[in-house]
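Written out below as structure tokens is the structure these notes cover.
Heavy atoms only: backbone and side chains are in, while hydrogens, waters and symmetry mates are out. We name chains A, B, ... by the order of the sequence lines, and we start the count at 1 in each one.
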There are 2 protein chains.
Amino acid sequence: MSDPVSPEAHADATGFLPGLAIDTVIVGFHEDQLKILLLEYRNTNLFALPGGFVREDENLNDAARRVLSERTGLQDIYLEQFYTFGDRNRYDAEAMRTIMRNNGTEPEENHWLLRRFVSVGYYALVDFTQVTPRPDALSDRCEWYDLAQLPPLMQDHTQIVEKALETLRENLDRKLIGFNLLPDTFTMGDLQRLYETVMGQSLHRPSFQRKMLGLGILERVAKKWTGGAHKAPYLYRFVSGKPSEVA
Amino acid sequence: MSDPVSPEAHADATGFLPGLAIDTVIVGFHEDQLKILLLEYRNTNLFALPGGFVREDENLNDAARRVLSERTGLQDIYLEQFYTFGDRNRYDAEAMRTIMRNNGTEPEENHWLLRRFVSVGYYALVDFTQVTPRPDALSDRCEWYDLAQLPPLMQDHTQIVEKALETLRENLDRKLIGFNLLPDTFTMGDLQRLYETVMGQSLHRPSFQRKMLGLGILERVAKKWTGGAHKAPYLYRFVSGKPSEVA
DNA sequence: TCAAAAGTGTTAACCCTACACCCATGC
DNA sequence: GCATGGGTGTAGGGTTAACACTTTTGA
């Protein structure tokens, strides 16, 4: 991967589309909590969403997929473009200057990374257990953070997360994408807790079970669970393969 | 308005964000047909969606509003960003070269308008009767076209229209935005025909009426209609002012 | 008087909620 | 046994579809 702050990168021949960025909200689910991946930039206390730029010969959606697989180590992830953020004052040159300085590069005035960027927002739903978070060239940490208690984020990234969540809530029932946050097999209880966490409200167990089964997209796996002091729940599987369509 | 092909515009100081465009699908409703505004470029047979570029000091959404009011003469229109189109091969330099030649400018090789563009798509819902279509600097015609029989469009504009319609269908009930396509007052029949046209299916009249009245967002205007050989329908008005929020 | 369009009432089907009850399992 | 979690049966309420009926108006 080409490094956007390496010395050979210069203003107009970076190999990336100018003024355009990608930010991804990578969502996981673990211990009844929604998590997202955040980067922490080297020697700073700046947190940011995983992002990147679009190569001159690369489709926009492919760039998002590339960022995603670079940070998670996974292919074929459910990914959806949800909004493009283009407010004039959303970009914070001072923060970017700090990041570059702490990476050993004194940015020249008018460096392309210091200018205004429009950013296309994507959200991705991943199986938490499958992800190996990997920092990018500018950051020394890439970790899961509880959505309920995020640190302050760079630029307008808090708003981006907000809007991603809004979209996720709207689409959870409509597009039946929640399964992408769970492992291949899961119990009805797992699924219900996921729905309750995303929607922020408790749901009635019998109704939920019948609704989900009525959709005809769950296959009951013969195997059962070996668990605690109670009836063993069935394991279910989502019938069609996990869709990774970018739409 | 600055003219993107005027001689003083040059590659890196155009005053616009590079590589980024806006395309708007401006939807109207007239005689039981959905219409959209199309531009026809001068001395060509090329049809395109109304579009534009983003000024360096302008918010992305404000640029869309500006394009919209320039083409329609209206302010406070319902406008929604729905998708950003960024395929590598979506831009067609040859068509753009033709357009510029027919406007009396021989474009230098590598002119900024001939390069790759990523385009943010917006759709707008307007009251057909209030719009005065106005061509832009490059086109000599700006007119309504029947959505059911559009001419071939430039680049990927046909796909953009498709996706705008998909989004409109999904949002029609959810966001209650259909009223933006009608005049201030309308009959229940008008509203039903609009819904039927957008959704592409016929609806049951008594159910539709009760559903709409049950939403509590329609006010019955005392005045009645003077029409044909049948009972005079009530005129209704949408209770809250027309929202023009870009979200 | 009739046809056409508009408004309203009635009934039945459907879905979802809520509650109840049974099953399995480890303590 | 009994508490706990999982699965299913059943009654009630709300919503919607389908049909019927009435009202208004010009030909």
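For the contact set between residues 195-208 of chain B and DNA chain C, defined by any heavy atom under 4.0 Å, the members are B:R205, B:P206.
The phosphate of C:dT8 (OP1 or OP2) has a side-chain N or O of B:Q209 nearer than 4.0 angstrom.
Between B:D23 and B:R90 there is a salt bridge, with a side-chain nitrogen of the basic residue lying less than 4.0 Å from a carboxylate oxygen of the acidic one. Under 4.0 Å is where a charged nitrogen must lie from a carboxylate oxygen, and between A:R66 and A:E70 at least one such pair does. A salt bridge links A:R193 with A:D32: the distance from a Lys NZ or Arg NE/NH1/NH2 to an Asp or Glu carboxylate oxygen falls below 4.0 Å. The pair B:R237-B:D184 fails the salt-bridge criterion, with no side-chain N (NZ, NE, NH1 or NH2) lying under 4.0 Å from an Asp/Glu carboxylate O.
Here the P atom of nucleotide D:dA3 and the NZ atom of A:K231 are 19 Å apart, to the nearest Å. For A:L235 and D:dG6, the CG to C1' distance is 12 Å, given to the nearest whole Å. One atom, CG of B:D173, and another, C1' of D:dT15, lie 14 Å apart when rounded to the nearest Å. When rounded to the nearest whole Å, the span between NZ of A:K211 and C1' of C:dC16 equals 9 Å. Counting to the nearest Å, the C1' atom of C:dG7 and the CE atom of B:M212 are 16 Å from each other. One interatomic measurement links the two molecules: CG of B:D32 to C1' of C:dA5, which rounds to 14 Å at whole-angstrom precision. Look at CG on A:L213: it is 7 Å from P on D:dT8, rounded to the nearest Å.
Under 3.5 Å, the side chain of A:R210 and the base of D:dG9 form at least one donor-acceptor pair of N or O atoms.
At most 12 heavy atoms of other shown residues, nucleotides or ligands fall within 6.0 angstrom of atom CG in A:N45. Residue B:E40 places its CD atom among more than 12 non-hydrogen atoms of other residues, nucleotides or ligands, all under 6.0 Å distant.
Relative to the side chain of B:H230, the nucleotides C:dT8, C:dA4, D:dG7 differ in distance, and C:dA4 lies closest. Checked against C:dG7, D:dG6, D:dT25, the side chain of B:A232 finds its nearest nucleotide in D:dT25.
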TODO: For the pair A:R174 and B:E170, evaluate salt bridge (Lys or Arg N to Asp or Glu O under 4.0 Å) and give the outcome as yes or no after the intermediate values.
DONE: CA-CA 10 Å; A:R174 223 155 47 82; B:E170 284 173 5; 3.4 Å; yes
